[in-house]
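Keep in mind it's a predicted model, so treat the numbers as computed, not measured. Counting starts at 1 for both ligands and their atoms, following the listed order. The figures here come from the full heavy-atom set of this structure, side chains too, leaving out hydrogens, waters and symmetry mates.
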Amino acid sequence: MRIAFPALLLTTLLGRAALAPAQPVSLVPPNIVARDTGATMQRLAEGVYVIVHEPATNEWPHGNTGVIVGENGVLIIDSNYLPARAVDDIALIRQVTNKPVRYLVNTHWHGDHTHGNGVYRDSFPGLAIFGTRESAPFIELNLKKLPTGALAANSYSRTTLAALEASLARGRDSAGRAWTAEERTEMAVSIGQRKFELTELAKVKVAAPDQVFEGTFTLEMGGGRRVEFRNMGPANSVSDVIIYLPADRVLFAGDILVYPSPYTSGSFFMPWIGVLEALQRYSVAALVPGHGPVMANHDYTRNVHDAFASIRTQLDSMYRLGMVPPDAAKKVDLKALRNRFWVPAGRPIREAFWEEWTRSVSERMSLCVMGYSC
Ligand SMILES: [Zn+2]
């Protein structure tokens, strides 16, 4: 099964290198009930679905979207990166139910899970949007800053697009090598995606959670359908929510789990380790990560936990021996765990990638281990 590698690391470190499979993680065989060119909708249990998306660009993915059908309405878990994708998701949802969407819950504040909030609110008046007290202000801020952030004349999105267009027009790379026909096609596709991304980001509306909760919140959806929202605290983001359906043993983990490699930008590693331990106490028939395929058990949860915990233990031991950063972070060795994750195929790319991942996480985690900040 070939799976797109998430976000920046792919383009910055790997180029177009193929991915090598890790030790297999048990997946739930997809029971596809609807699809379009950018997504498949899979049934996980009676009235419980997930929509798994193709990435929006070669840098940004859409988050997985959960769809829970209750007696009188539908609950949506996360609303995607681009509004057009949320519109398309509603069309997929209409293929399995004509009940109105009454509830939406954001697992955390990142835009690939919240930019579509406005589409759902406009499509379903009276929609209740849930989020934690910690994440709600960041969701609002992230949605409000788009016009001056991503869409500004000198924004990262615009300058990256301009650089891509200039490179394609020049016909060769910085070393003077002419682009192959295949590379030109890929660049043209990427340019098209990024232009569409900018158009779509301009359409994002501010629709932050209006139902703020702390700790655990239980949503009764009628007909005995009970859905638990639990704030797991800081982990991948400042506040990460899981959604659990105890009767069906379906767990939506948000970006506490991103497959095939953890997304660690702006994360809180020390509490994240504890969250991964707590997650494993939930019995699962289907475990839905924030990105990636549906898993059948907690093998991958354990893999992510073991990687972070090993870094913490190694750093802690080195500090006790008097070693100081950044030297300690450079000495962390995670080679034994490399085969539990998907990493690029072929040496030395494969080793260089894992080395870079280990070093990057170790450097940031060293601040946690020493007690400065995390
Ligand atoms: Zn995400």
Show your working on salt bridge (charged side-chain N to carboxylate O under 4.0 Å, His left out) between R177 and E183 and close with a plain yes or no. CA-CA 12 Å; R177 184 184 63 85; E183 285 168 336; 3.1 Å; yes
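- Among the atoms of H108, no N, O or S atom is found under 2.8 Å from the Zn ion (ligand 1).
- Nearest to the Zn ion (ligand 1), among the N, O or S atoms that D112 has, is OD2.
- Y319 and I273 fall within the same hydrophobic cluster, defined by Ile, Leu, Val, Met, Phe, Trp and Tyr side-chain heavy atoms under 4.5 Å apart, directly or through other members.
- The N, O or S atom of D255 lying closest to the Zn ion (ligand 1) is OD2.
- Backbone or side-chain N, O or S atoms of H110 do not reach the Zn ion (ligand 1) at under 2.8 Å.
- Taking the side chain to side chain donor-acceptor pair (under 3.5 Å) definition, one finds that S310 meets it with Q314, sequence neighbours left out.
- For R226, the side chain to side chain donor-acceptor pair (under 3.5 Å) test picks out E228, with sequence neighbours left out.
- With the Zn ion (ligand 1) at the apex, H291 NE2 and H113 NE2 define an angle of roughly 100° (rounded to 10 degrees).
- Clustering ILVMFWY residues whenever any of their side-chain heavy atoms sit less than 4.5 angstrom apart, transitively, puts Y259 in the very cluster that holds V304.
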